[in-house]
Amino acid sequence: MADEQKPKEEVRKVATPVLKAVTGAEAKSLVTGENAPIVIDIRTAEEFKEGHIEGAQRIEFGTAGFKDELAKLDKSKAYLFHCRSGGRSNKSLPIWKELGFQKLYHLDSGIQGWKKAGGEVVEGQ
């Protein structure tokens, strides 16, 4: 009975991020479909110049400003993010979640998986 007398705790609804790991082929479908996510490439400038997904924005993981740059993005929009092979982008997941992004697609095989699926890349920039 003592439990019945305790006030009920208020339950707060906190938006939880929606995260989906995608293959190179799935990523190709996403970026060419309606409501395509914004592509965030978290590789170095040199890697980006060697070839990136057309229209991708580069925010380098491992730099002092990485979290600050992500924080500037609109959290309500959908993002597809990747690195070279999935290692760095996987390590970046806690930061994306902490910042409260609502819809994330992780290209878990990175740009290598994108290329293997026949995805085109743009060189330079």
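One is the number of the first residue; the rest follow in order along the sequence.
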May I ask you to decide if Gly100's main-chain N or O and Gln102's side chain share a donor-acceptor pair within less than 3.5 Å?
yes
Once you round to the nearest 0.5 Å, how far does OG of Ser85 lie from CD of Gln112?
5.0 Å
Angle class for the Phe66/Phe61 ring planes (parallel below 30°, perpendicular above 60°, tilted otherwise)?
perpendicular
Roughly how far, to the nearest 0.5 Å, is NE2 of His106 from NE2 of His82?
10.0 Å
Residues Gly51 and Ile111: closest non-hydrogen pair is O-CG1, 4.2 Å
Do the side chains of Ile59 and Leu104 join up, straight or via other hydrophobic residues, at under 4.5 Å, putting them in one cluster?
yes
Heavy-atom closest pair (Ser109 atom, Gly24 atom, distance to 0.1 Å) is OG-N, 4.0 Å
Do Leu19 and Ile42 sit in one hydrophobic cluster, given that two such residues count as connected whenever their side-chain heavy atoms are within less than 4.5 Å of each other, even indirectly?
yes
Do Leu93 and Tyr105 sit in one hydrophobic cluster, given that two such residues count as connected whenever their side-chain heavy atoms are within less than 4.5 Å of each other, even indirectly?
no
Evaluate whether atom NZ of Lys75 has more than 12 neighbouring non-hydrogen atoms of other residues, nucleotides or ligands under 6.0 angstrom away.
yes
Quick check: closest heavy atoms across Ala25 and Ala117, and the distance to 0.1 Å?
N-CB, 3.4 Å
Do the side chains of Val18 and Leu80 join up, straight or via other hydrophobic residues, at under 4.5 Å, putting them in one cluster?
no
ILVMFWY cluster, Ile53 and Tyr79 together (side-chain gap under 4.5 Å)
no
Tell me the closest heavy-atom pair linking Leu107 and Trp114, and the distance in Å.
CD2-CB, 4.0 Å
When every non-hydrogen atom of Val22 is compared with those of Ala27, the smallest separation belongs to CG2-CB, 4.2 Å
Determine yes or no for a side-chain-to-main-chain donor-acceptor pair under 3.5 angstrom, with Lys77 supplying the side chain and Ile38 the backbone.
no
Taking it one step at a time, do Glu54 and Val39 satisfy side-chain contact (heavy atoms from CB on, under 4.5 Å)?
CA-CA 9 Å; Glu54 187 172 0; Val39 179; over 6 Å; no
Could Arg43 and Glu50 be called an ion pair, given the rule that one side-chain N must be under 4.0 Å from one carboxylate O?
no
Nearest atoms (heavy-atom pairs only) where Glu47 meets Thr44
OE1-N, 2.9 Å
Using a strict 4.0 Å threshold on nitrogen-to-oxygen distance, state whether Glu69 and Lys72 make a salt bridge.
yes
